[in-house]
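So that the names make sense, note that chain A is the first sequence line, chain B the second, and so on, each numbered from 1.
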Amino acid sequence: MLTKRIIPCLDVKDGRTVKGTKFVDLRDAGDPVELASRYSDEGADELVFLDISASREGRKTFLAVVERVARAIQIPFTVGGGISVVDDVLRALDAGADKVSLNTAIVEQPEFLQAASSAVGSQSIVAAIDAKRKGSSWSVWTKGGSEESPLDAIAWAQEAVRRGAGELLITSMDADGTKEGYDLDLLRTISQCTSVPVIASGGAGTKEHIKDAITIGKADAVLAASIFHYQQISIADIKEFLQTNNIPVRI
Amino acid sequence: MIGIIDYGAGNIRSVGNALDRLGQQYFVSNNIAELQRAGKLILPGVGEARSAMESLGQIGLLRWLTNVTVPFLGICIGMQILFDHSDERDTACLGVVPGRISRFDDTKLKVPHIGWNRVNVTATSPLFSKIRDNEFFYFVHSFRASVGPNTIGMTEYGEAFSAAVQKQNFYGVQFHAEKSGDAGIQVLKNFIELC
């Protein structure tokens with residue numbers, strides 16, 4: 001039986017891991033390669049690295065980090081942040097990443113999603129959607145959560161799959177950084193109306209939150225950052241808890 | 001020395017990193033004269049069957065590949081193209097292993113099949129030496145081979161499919177051994193030392 005995945009996420013700025021609340025207030029959380037090795041040893045199923053550097057220098061540093069990570073760990077990982085042309089995708093995969101996560105660029109140019117997917121296959125393409133509640137639905141935000149787009153998150157998720165996304169990374173901007181739980185309605189709605197795996201993101205604070213994202217939110221994988229970085233809950237604890245709740249995990 | 005076949009569509013870096021970890025010498029090439037000197041061959045793979053076959057055709061390796069006599073390991077797409085045919089863009093494959101590659105049913109399952117799943121070892125093979133039964137390996141694929149006479153390991157996703165096959169000197173694994181932690185490294189070590 002396919003297991004549910006636990007995915008620590010590392011935001012990387014100028015070569016260092018950082019973590020903020022609601023996309024702002026960044027704090028240093030350590031060396032990405034060291035953290036990656038630690039998470040891999042602790043039983044992480046995959047890792048995600050998001051480059052939030054603003055400068056060209058920062059981006060170069062990030063590719064070097066990707067290469068170091070690929071040499072250090074033997075589990076799959078996804079990289080994202082500022083990927084906007086097919087060459088960026090190829091560079092990330094050549095550096096040793098398994099998947100790329102695409103966000104702002106595919107909202108602005110949806111045809112880039114097809115181009116990326118035909119170049120490397122949909123299994124390497126993750127469509128990342130930052131969603132924020134707006135009345136009874138959710139709108140899509142871009143540029144690290146700073147700009148609202150005209151897109152509806154549910155409709156965009158379906159279109160992203162049609163255009164070749166092999167996986168969806170759904171971040172609730174309302175929940176992100178609060179540690180009050182994932183947006184379960186958002187997750188369940190998207191998971192039930194699309195045919196690809198859904199990764200839940202934003203809001204994890206307890207083991208129960210992670211279980212709920214899977215059982216109620218119907219997520220196939222759960223992503224979290226701060227609860228892992230500051231060692232509030234270990235990956236092993238979460239997996240043991242999920243297993244006692246009859247959720248298949250890799251232990 | 002191990003030769004990694006470079007056909008422009010593989011995760012060569014990851015396989016190379018895994019071999020580095022094992023302290024194994026290897027070279028990467030798309031040249032028959034060079035590849036013929038390899039004691040073992042690895043065909044890595046991501047992407048899709050049609051473009052993999054086209055790339056191998058463009059560099060003139062198709063006929064040579066089917067006649068390779070040294071131990072050969074195909075990973076993911078590298079395993080799938082060992083079969084007769086893939087439904088992925090209706091592609092004729094190498095025909096080393098009998099059978100057809102077809103798509104998972106996405107009306108019933110999330111496709112691609114992404115993540116860690118168990119492999120039930122169904123036949124004695126050096127490839128699975130020192131691997132516990134039902135060990136976890138990492139998969140990412142939308143197409144799969146049914147269970148058949150060449151299956152040496154199978155995995156359940158909606159139904160059982162071939163996670164690993166062997167025919168004479170040709171070995172294939174659907175999972176990414178190079179990304180499957182310690183168990184994956186052990187499979188690569190087995191291929192290098194025992195196959």
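The CE atom of B:Met1 sits 11.0 Å away from atom OH of B:Tyr26, with the distance rounded to the nearest 0.5 Å. Note that OG of A:Ser101 is 11.5 Å distant from CG of A:Asp51, once rounded to the nearest 0.5 Å. In this structure, A:Lys211 NZ and A:Leu242 CG are separated by 9.0 Å, a value rounded to the nearest 0.5 Å.
Both the backbone and the side chain of A:Val196 have a heavy atom closer than 4.5 Å to some heavy atom of chain B. For B:Ile185, the part lying near chain A is the side chain, with the backbone staying farther off; criterion is any non-hydrogen pair under 4.5 Å. Heavy-atom distances place no part of B:Glu48 under 4.5 Å from chain A, backbone and side chain included. At a 4.5 Å heavy-atom cutoff, A:Ile199 makes no contact with chain B through either its backbone or its side chain. When heavy atoms are compared at a cutoff of 4.5 Å, A:Leu93 does not approach chain B at all. There is no contact between A:Lys4 and chain B, counting heavy-atom distances below 4.5 Å. Only the backbone of A:Val249 comes within contact range of chain B, with at least one heavy atom under 4.5 Å from a heavy atom of that chain. With a 4.5 angstrom heavy-atom cutoff, A:Ser191 touches chain B via backbone and side-chain atoms both. There is no contact between A:Ala97 and chain B, counting heavy-atom distances below 4.5 Å. Contacts between A:Arg5 and chain B at a heavy-atom distance below 4.5 Å involve the side chain alone, from C-beta outward. Neither the backbone nor the side chain of A:Ala119 comes within contact range of chain B, judged by heavy atoms closer than 4.5 Å.
Between chain B and the residues A:Glu46, A:Glu67, A:Arg71, A:Gln74, the most heavy-atom pairs under 4.5 angstrom are made by A:Gln74. Among the candidates A:Ala70, A:Ser124, A:Ala221, A:Gly121, the residue making the largest number of heavy-atom pairs closer than 4.5 Å to chain B is A:Ala70. Between chain A and the residues B:Gly158, B:Ser180, B:Ser142, B:Gly181, the most heavy-atom pairs under 4.5 angstrom are made by B:Gly181.
Using a 30° and 60° split on the angle between ring planes, B:Phe139 and B:His113 fall in the tilted class, from 30° to 60°.
Checking B:Arg100, B:Arg50, B:Arg144 one by one against B:Asp87, the salt bridge (Lys or Arg N to Asp or Glu O under 4.0 Å) holds for a single residue, B:Arg100.
The existence of a salt bridge linking A:Lys239 and A:Asp45 is confirmed by a sub-4.0 Å separation between a basic side-chain nitrogen and an acidic carboxylate oxygen. With respect to the salt-bridge test (charged N to carboxylate O, under 4.0 angstrom), the residues B:Asp105 and B:Lys108 qualify.
B:His85 and B:Asp90 share a donor-acceptor pair across their side chains, judged by distance under 3.5 Å alone.
A distance-only check finds no donor-acceptor pair linking the side chain of B:Thr151 to the backbone of B:Gly153 [under 3.5 Å].
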